[in-house]
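For reference, the structure is listed below as structure tokens.
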Amino acid sequence: MTSARAVPAEEIDLTFKSQYTDLISAPLGSKVLSFSDEWFAAASNLITPGPPIQKPGVFVHSGAWYDGWETRRHNPEPADWVVLRLGTASGKIAGVEIDTTFFNGNHAPEIAVEGAFLPDATPSQEEQIKSAAYTGWETILDKQECGPSQRHGWLFDTITEKAYTHVRLLMYPDGGIARFRLYGCAVPVFPADTSAVFELSATNMGGVAVSCSDQHFGSKDNLLLPGRGVDMGDGWETKRTRGEHVDWTIVKLGAKGEIDHVVVDTAHFRGNFPGKIQVFAGAFETDPAHADQAWVEVLAPQPGKPDVEQVYKGELKQVEGKAYTHAKLVIIPDGGVKRFRVFGRKV
């Protein structure tokens, strides 16, 4: 266990979101495996990617409707709990967020987080880790106090040396939590074949969208998620501009590699897709700025297209025999993109 310091609510996004990945985000493939109780509201709400919402005056069979995880009162055990499998093969942890928004008078008084490493869990082992009797947990974040209807963040002094595949959130003794975020770095399993082409930019392979010009309607982090999403809400979309302009997102690849092809997907963006698409790449020791002179154009501006997954391979230049650490997607002048994928070979 590493020591942690509290992060003020207004600094949580700045502290975590451009440096680390939420390893238990539902779109990344994380799953709730088991829980002690979810009488009032489902544990699966904890890993919903968006902020919690409220429906005042709406009641369901169990009581008032809540966007989060809420258990019964008077828990006879020390804590309620929920077990989750990470969305990545494994991950090292840098910090934790617990959001109790809209839980006021029924919020969790205290929480703790535990972890386990079972990379190739058999069905029998998976059943064991889902059980309250499982003893293989080790503390990641010790018991912390929570307040009503607010975001709470804790940043570790150093990222954990050990990687984890599963985590357990403990809530003392019962109550409600809207969202649970586990920030860290994916520890991917790279292909044994060094000539194999794989998605260098994918979140679950360690790719991170480190900066962007604008994300007014949709987050840059969505660009690296698996799948094609469900609507415009889970892509990257910038505000409208006038005159000459470009928007951009810089992606740190999960591994230094030789680029084979690039995919730009505008699924669901039909009247707001970019006018043109352009891609740059570079080899950097630290995350670069947009204006860094070392960027190399690997894809000249291409016409944007609505609601389509476009593969660029023959159009690429300056990629053969070159190794890059970062890629930059440029959209001209603005618009929305669902996914940005950079495929290549690890160098």
Side-chain angles (χ1 to χ4, degrees), residues 1-26 28 30 32 35-36 43 45-49 51-52 68-69 78-101 103 107-118 129 134-187 203 206 208 210 221 252 287:
M1 181 183 71
T2 60
S3 57
R5 67 171 179 86
V7 178
E10 65 275 12
E11 296 178 13
I12 290 175
D13 289 347
L14 182 63
T15 301
F16 294 115
K17 288 202 170 180
S18 289
Q19 186 175 0
Y20 300 111
T21 297
D22 178 9
L23 300 169
I24 54 171
S25 172
L28 192 55
S30 182
V32 171
F35 47 82
S36 58
N45 291 327
L46 287 169
I47 56 176
T48 301
W69 171 47
D80 275 316
W81 51 268
V82 57
V83 174
L84 305 101
R85 184 177 64 240
L86 270 61
T88 58
S90 65
K92 296 184 177 183
I93 315 304
V96 172
E97 179 185 349
I98 296 292
D99 188 349
T100 59
T101 296
F103 286 93
H107 64 281
E110 294 177 306
I111 63 93
V113 180
E114 299 174 327
F117 183 71
L118 289 173
I129 204 169
Y134 181 71
T135 59
W137 297 111
E138 56 184 63
T139 300
I140 297 176
L141 179 69
D142 59 7
K143 192 182 290 186
Q144 304 288 332
E145 184 177 347
C146 291
S149 197
Q150 60 189 283
R151 296 174 71 186
H152 308 75
W154 297 274
L155 174 67
F156 297 150
D157 290 343
T158 58
I159 195 166
T160 60
E161 291 185 9
K162 185 173 182 179
Y164 298 94
T165 57
H166 296 74
V167 292
R168 181 167 74 159
L169 172 63
L170 299 162
M171 175 169 60
Y172 298 89
D174 50 46
I177 297 171
R179 297 288 187 268
F180 174 32
R181 312 289 188 210
L182 192 73
Y183 296 110
C185 297
V187 178
T203 297
V208 181
V210 295
D221 304 308
K252 180 181 180 180
D287 294 333

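Hydrogens, waters and symmetry mates are skipped; everything else that's a heavy atom, side chains included, is used.
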Inset, instruction - Give the intermediate values and the outcome of side chain to side chain contact (heavy atoms under 4.5 Å, CB included) for residues Glu97 and Arg179. - result: CA-CA 8 Å; Glu97 179 185 349; Arg179 297 288 187 268; 5.8 Å; no
Legend entry - Candidate pair Lys92 and Val187, rule side chain to side chain contact (heavy atoms under 4.5 Å, CB included), full reasoning: CA-CA 7 Å; Lys92 296 184 177 183; Val187 178; 3.8 Å; yes
Nearest heavy-atom pair of [X] and [Y]: which atoms, and what distance?
X      : Y      : value
Gly136 : Ala116 : O-CB, 4.1 Å
Ala43  : Val32  : O-CG2, 3.9 Å
Leu28  : Asp22  : CD2-O, 3.6 Å
Thr15  : Leu155 : CG2-CD2, 4.0 Å
Ala186 : Thr203 : CB-O, 3.6 Å
Pro8   : Ala6   : CD-O, 4.0 Å

Legend entry - Criterion side chain to side chain contact (heavy atoms under 4.5 Å, CB included) on Ile177 and Leu169, from CA distance to verdict: CA-CA 10 Å; Ile177 297 171; Leu169 172 63; 4.0 Å; yes
Do [X] and [Y] come within less than 4.5 Å of each other through their side chains, counting heavy atoms only?
X     : Y      : answer
Pro51 : Thr101 : no
Val96 : Leu182 : yes
Trp81 : Leu170 : yes
Ser3  : Phe156 : no

Inset, instruction - Any chance you could lay out the ring pair (Phe, Tyr, Trp, His ring centres under 6.0 Å) test for Phe16 and Tyr183, step after step, and finish with the verdict? - result: CA-CA 7 Å; Phe16 294 115; Tyr183 296 110; 4.5 Å; yes
Sub-3.5 Å donor-acceptor pair from the side chain of [X] to the main-chain atoms of [Y], do we have one?
X      : Y      : result
His107 : Ser149 : no
Arg181 : Pro49  : yes
Thr100 : Gln150 : yes
Ser90  : Tyr164 : no

Inset, instruction - Applying side chain to side chain contact (heavy atoms under 4.5 Å, CB included) between His166 and each of Tyr134, Trp137, Phe117, report the one that passes. - result: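 The option that passes is Trp137.
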Legend entry - Euclidean distance, Leu46 CG relative to Thr48 OG1, rounded to 0.5 Å: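 Spacing of OG1 (Thr48) from CG (Leu46) equals 8.0 Å.
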Legend entry - Interatomic spacing from CD in Glu145 to CD1 in Ile98 - rounded to 0.5 Å: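 Separation between the atoms: 14.0 Å.
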Inset, instruction - In sequence, state the C-alpha distance, the side-chain angles, and the governing distance for Leu23 and Ile93, and then conclude on side chain to side chain contact (heavy atoms under 4.5 Å, CB included). - result: CA-CA 9 Å; Leu23 300 169; Ile93 315 304; 3.7 Å; yes
Legend entry - More than 12 heavy atoms of other groups within 6.0 Å of Glu10 CD: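 It does: Glu10 CD has more than 12 such atoms within range.
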